[in-house]
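Take a look at the structure below.
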Amino acid sequence: MRIIRILKRESPLLVAREVLLRARREWSKRRILGRLKDPGHLKFRSVPYYNPDLRTLEEDSRALIVAFADEIRAGRYPFLGYGTVELGTRLKWNFDFISGTEWPYVRRECGDCIRHDGSDVKVPYELSRLQFLPVLGKAHVLTGEESYRGAAKDLLSHWIRSNPVPLGVNWTLAMEAALRAMSICFLLNLLSPIRREEEPWLASVTRCLAQHMLYIEANIEFSHLLTSNHYLSDIVGLYCLSAFLEGEGMAERRRKYRQRIETEMARQVYEDGGDYEASTGYQVLVTQLFSTALLLMRSERSAPPAAAFAGRLRMMFQFLNAVASASGQLPQVGDCDDGRTELLVDDLQQMIRCPIAERNSLRVSRLLGLGQRLFGVGAGAGDDAAWYGLTDTAGIPYFQPQINPGSAGPIKVLPKSGIGVLKHGSAELLFFAIPNGIFGKGSHTHNDKLSFVLRVGGQEVLSDPGTGCYTRDIATRNRFRSTAAHNTLLIDGAEQNRIHSGPGGLFLLGNEAAASQIQEGGEAHGYFLRAAHTGYASLGVVHTRTIRVVDGEKAFVIEDELEGDGVHDFELNFQLAPNRTAEVAADENGILCRILGDGQIQLAVDGPTGLQGAVQPSLISTTYGATVPAMKVRICGRAAVPARINTRISWTEVADMASCQPESGKEAKIHETVAKGVCQA
């Protein structure tokens, strides 16, 4: 079926090119892999990727780095949404410690590692990215303690002995090898200069890096049909390896992979700075990958980054700042597996100090702070930039491409990315009409067309539910990317884009829901955003959503218009942020809902007669592998189309509550009706 879909969608010429590419790649793969036992004579060179200026490093940052390193040194591993796990200092690198599953040390392909037995190959993959090694290196730099240096060296040596190339689960995907190779290079950079007595160890590590380079080149994840964060990781990893290794062919590799990185910037990132995989989680990973490449280019000195490349990366940071809260938290839109190129202090803080239920992998103020130091974009926070020497006390950014920063007013639209932002008083509403990722291929897309996220006072009130997991549980995977999980309208129980329910569909999504570009405009008494999608065309229905701000009122008004014919069932879902609940009641005009928590937030929904409302249990996921209980408001009904449903969201800010007037009739109605038990779940 997948081959048939490709043949229908792509031109015969492109398919022919892809077939030829794959045939050549198989021949090249055999040739390159034959060289793994003797990868050639290369030497490690320590380029100034890190150029620490630690005078500005805050005490809290130092403490977090050392605390994380102490955990690793003791054999305890802070890990994704699974908490801190006791694995010791002689790890099983091929082991999913959640399910108890091991992968044998045999040669296999990536697809063979996904077993659909409750295991998740991402656990050994993530552990073998070795991204804790640079943290140990930083702890050594900060404290001068030899134990951190020794722990890093011992763990790396153990990994090399335990994972002979190309055997086992950790040699099945070029992306994983690339991210791991970068971690090793960064560690060596932090431990440089290498001492005389460490030279035999360095020789074994350098040989391992050369094997990584050959393995990635043999298995590079390029396709004429699509490229993604996988291929980008491959070429950034290869660029990093060619920068840190010297010997025959390295200069040519640096030139080639740098050029490919610049090509992918133009291909994978929209003009407004959005990554084309339709995911804020992957926006973070891809921004960090390109930032790593930029810092490597900077270390070459003889060849500064191209203006077009630096300018587009600046736009990526502008995108992040446009959708981030004041504290640097992004909404969980599309897939997120917490992927990083290297761990920043934000990541350490989440894993060291936050209980699992309170973790959020998209709190990225330190990454925003790096963007601020590189480009002068946003406010940012933190001092990770100090490790790269980006601490100019005059506050002058290091790269200043001439890019129009855009409007700083109450309305902001990222037209290619399909995101609109409305700011009104202390409230902020993010509206999503995001194209299906990678030009419709949708591997990390969710069914979130015309959904939105609401913040009041900088805190999320209505949220995107997140990701949950990938391969461990198909039902959970599909639940979190379904239409009903998002703050949008569901018609006749149909998905906006078809979700393939079998094991082969975990990273497939239909391309039925084409979203229109967001329209923005002003009106006599305010301004609005509007978009539509075609996901219900098979039902004869088109859904259009308009979100309005009315001057002088603390409210957003959402108008859902259904055009077409026939009689259809519909439901509106509003996913509450964790630790929030709501009260719902019927009213003569529809449904009233009060969201409980800081401030007073109300939803009033009216439309066709007979609306029913309920508060139901739900789940939300803000870090990969963990879900926490939450609540959602579900409002359902039946309507003859054309039809319109109106939702008014109003709020009272915390500072205003002391002066609030007694409840109005409608507000009192909520309490009265709930007390009488009229509202049914």
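Model, not experiment: these values are computed from the prediction.
Taking both residues in full, the closest heavy atoms of Thr227 and Gln268 are given as OG1-NE2, 3.7 Å, listed atom of the first, atom of the second, then distance. Between Leu490 and Ala484, the shortest heavy-atom contact is CD2-CB, 4.2 Å. The shortest heavy-atom contact between Trp651 and Ala427 is CZ2-CB, 3.3 Å. Nearest approach of Glu277 to Ile438, heavy atoms of both residues: CG-CG1, 3.9 Å. Annotation for Gly468 and Ser621: closest pair N-OG, 3.1 Å, computed over non-hydrogen atoms.
The 12-atom threshold is exceeded at CD of Gln519, counting heavy atoms of other residues, nucleotides or ligands nearer than 6.0 Å. Residue-environment remark: CG (Asp492) exceeds the threshold of 12 foreign heavy atoms within 6.0 Å. The neighbour count for Gln459 CD, taken as heavy atoms of other residues, nucleotides or ligands under 6.0 Å away, does not exceed 12.
With Thr280 contributing its side chain and Pro331 its backbone, the two residues share a donor-acceptor pair below 3.5 Å. Of the possible donor and acceptor atoms, one in the side chain of Asp272 sits under 3.5 Å from a partner among the backbone N and O of Lys416. Remark: the backbone N or O of Asn589 is not paired with any side-chain donor or acceptor of Asp606 at under 3.5 angstrom. The main-chain N or O of Asp448 is never found under 3.5 Å from a side-chain atom of His446 such that the two would form a donor-acceptor pair. Remark: the backbone N or O of Ala630 is not paired with any side-chain donor or acceptor of Ser618 at under 3.5 angstrom. Listed for the Glu512 side chain is no donor-acceptor partner under 3.5 Å among the backbone atoms of Ala537. In this structure a side-chain-to-backbone donor-acceptor pair under 3.5 Å is present from Thr488 to Lys449. Gln332 contributes no side-chain N or O that, together with a main-chain N or O of Asp464, makes up a donor-acceptor pair within less than 3.5 Å. Proximity of a side-chain donor or acceptor of Gln575 to a complementary backbone N or O of Met631 within less than 3.5 Å is detected. Using a distance-only test at 3.5 Å, with no hydrogens or angles considered, a donor-acceptor pair links the side chain of Arg359 to the main chain of Gln350.
Contact check on Glu559 versus Arg548 returns a salt bridge, with a Lys/Arg side-chain nitrogen under 4.0 Å from an Asp/Glu carboxylate oxygen. In summary, Asp383 and Arg373 do not engage in a salt bridge, as defined by a charged side-chain N under 4.0 Å from a carboxylate O.
Judged purely by distance below 3.5 Å, without hydrogens or angles, the side chains of Gln372 and Asn321 never pair a donor atom with an acceptor atom. Between the side chains of Asp560 and His543, a donor-acceptor pair is found at a separation under 3.5 Å. Side-chain atoms of Asp337 and Tyr282 include a donor-acceptor pair closer than 3.5 Å. Counted by atom type alone, His444 and Asp335 present one or more donor-acceptor pairs between their side chains at under 3.5 Å.
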- Item | Test log, rule side-chain hydrogen bond (donor to acceptor under 3.5 Å, both in side chains), inputs Asn511 and Asn436 | CA-CA 7 Å; Asn511 192 30; Asn436 288 339; 2.8 Å; yes

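For the pair Arg267 and Tyr276, the cation does not sit on the ring face, since its NZ or CZ is not both under 6.0 Å from the ring centre and inside 45° of the axis. Geometric assessment of Lys122 against the ring of Tyr470 yields a negative cation-pi assignment under the 6.0 Å and 45° thresholds.
For residues 562-608, no residue pair satisfies the ring-ring contact (aromatic ring centres under 6.0 Å, His included) rule, not counting sequence neighbours.
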